[in-house]
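Letters go in sequence order (proteins before strands), and every chain restarts at 1. These figures come from a predicted structure and were not determined experimentally.
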There are 2 protein chains.
Amino acid sequence: MTEIARETPTAMSTDAATEPPITARRAQTRERLMAAARTVFADRGVEGASVEEICEAAGFSRGAFYSNFGDRSELVLAMIQQSSLMQLAAAQSAVATMMAAGHKDADELVSIALYALEGLGVTRSADETIGDRELMLHAARHPELHQTYLGFVDTCLAQVESLIIDGLRHAGLELTIGVRDAVALLAGTHQHLQTMAMFDSRRSDPSLLGTLLGTITRPHAGSRPYGVG
Amino acid sequence: MTEIARETPTAMSTDAATEPPITARRAQTRERLMAAARTVFADRGVEGASVEEICEAAGFSRGAFYSNFGDRSELVLAMIQQSSLMQLAAAQSAVATMMAAGHKDADELVSIALYALEGLGVTRSADETIGDRELMLHAARHPELHQTYLGFVDTCLAQVESLIIDGLRHAGLELTIGVRDAVALLAGTHQHLQTMAMFDSRRSDPSLLGTLLGTITRPHAGSRPYGVG
DNA sequence: TGTATCGGATACAGATCTGTATCCAATACT
DNA sequence: AGTATTGGATACAGATCTGTATCCGATACA
């Protein structure tokens, strides 16, 4: 009796579901679910958030969720991959803007660094920072996600690196340490600032990035430093 | 029928349970439960770990758990408070050892910094780091824990600060930036190194701390630097 | 305009999980 | 030795949560 109904609807989609045809509407639903998940994860933690909560926040039913993602871990994976693309795009547009404007002084350098660092799992508001870190920690707990997450990190670090190089040249400065080390120090410093900000925004002073940049740079020999060249 | 049994056992303990008398045995049980929780949290996340799992890992039943903690959040609170004490003790003993041995060169400085930084939610193995960060993030998600966690952080930062001050004097060096900034940079750098280590230990090079120290210190004017004074 | 397909909603079964209410054994006190 | 008390184990009821199987409305194609 029940077998009669099992004719085509799911059977067909199962055939195609190996590589689901993501139409525009489907993509939009996925988008909304992922956006809602970020919020809910920040509130409840990745493992503490129920699929129900995520769907409710997105204005969908669980049916919609399971029609778009196999399970929670598939959602998380998609979110990490999405992060990589999003942050990359954000960083690139930020650079483009700053480069085009031809900023050159130290304060702008800090801004550049800040923009560049946005991608490193540490972003704007405290809630977003928490959400990002939930994702990071979830990835850390699951070895199968290590490579994917490192790919994301590398994307961001490379972005920071090229930003620093270009930014310093524009500012007429050069590094006194290796660029890789510089990137790591900037990333760590930003991470620490964001950590503090999660608990008390007043305890996070971005000028620390300026202090750091001051200690690891010097006027570029022969180029056009502030008033020397 | 069932009411007959409800005579005294819990009734008495309820009276006293307002301020439970923590005997030695009780303390040991709490200890084991907290230790087990650290492991389980690292695996499953604070919200993802069931009380059952924690108890099983500790070799107890859920009855033992609820006899010692009101609920999961009470356990987490106790763990954070415990962290503060543990890390403080660890750092102090580390300092005592190093100071007593009279270490003075740059490499030892790095070691000092490392020891001092152990407390900042970023510790030895990758699993412990993950567990510590789970705790941190849980605290970040719960405003009622913010002050408690900041107390822990301040304890650690103050510890690092005095270690740095003493360590540098012993090494005949002085800071080129404020000590608070120096502490923040060291903390952030360590945090970044531990982040990398969570995903791939080969990508975490502690010598970065030495590089950082090198850029923010110089031989102490007039004191006894390496070969100058 | 009619039909096929797709996207999301609903219903349901099984599996956990939490917190409480009892219960029993070992320790401590006398 | 005998009793009081404490610490931990067991049993249970209610509440979720997950994943699947089915169903329905809307869009697209003809």
Test item: A/Asp181 side-chain N/O and A/Ala184 main-chain N/O as donor-acceptor pair under 3.5 Å: no
Interatomic distance, A/Leu75 CG vs D/dG19 P [rounded to whole Å]: 12 Å
A/Arg72 side chain, from C-beta outward: closest of C/dT18, D/dT18, D/dA9: D/dT18
Atom-to-atom span, CD of B/Glu47 to P of D/dT16 - whole angstrom: 16 Å
Length of the CD-P vector between B/Glu52 and C/dA15, whole Å: 16 Å
Aromatic ring pairing A/Phe69/A/Phe65, orientation class (parallel under 30°, perpendicular over 60°, tilted between): tilted
For atom CD1 of B/Ile54 and atom C1' of C/dG19, their distance in whole Å: 15 Å
Whole-Å gap separating C1' (C/dC6) and CZ (A/Arg30): 16 Å
Upstream residue (5' side of DNA chain D) when A/Gly63 and A/Glu53 are each assigned their closest nucleotide: A/Glu53
Touch class at under 4.0 angstrom, heavy-atom based, for A/Ser50 against every strand present: sugar-phosphate
Out of D/dT10, C/dA9, C/dT20, whichever nucleotide has its closest atom nearest the side chain of B/Tyr66: C/dT20
Integer-rounded Å distance: D/dA26 P and A/Arg26 CZ: 19 Å
Charged N-O contact under 4.0 Å between A/Arg38 and A/Glu128: no
Sugar-phosphate, base or nothing in reach of A/Phe60, heavy atoms under 4.0 Å: sugar-phosphate
Side-chain H-bond candidate by donor/acceptor type, B/Ser50 with B/Arg44, under 3.5 Å: no
Proximity to the side chain of B/Arg62 - top-ranked nucleotide from D/dC12, D/dC17, D/dG7: D/dC12
Along DNA chain C (nearest heavy atom to each residue), the more 5'-positioned of B/Arg25 and B/Ala49: B/Ala49
Note: A/Arg180-B/Asp205 ion pair, threshold 4.0 Å (strictly below): no
Atom pair distance, as rounded to whole Å: CG in A/Asp71 and P in D/dC17: 17 Å
Atom pair distance, as rounded to whole Å: CZ in B/Phe69 and C1' in D/dG7: 14 Å
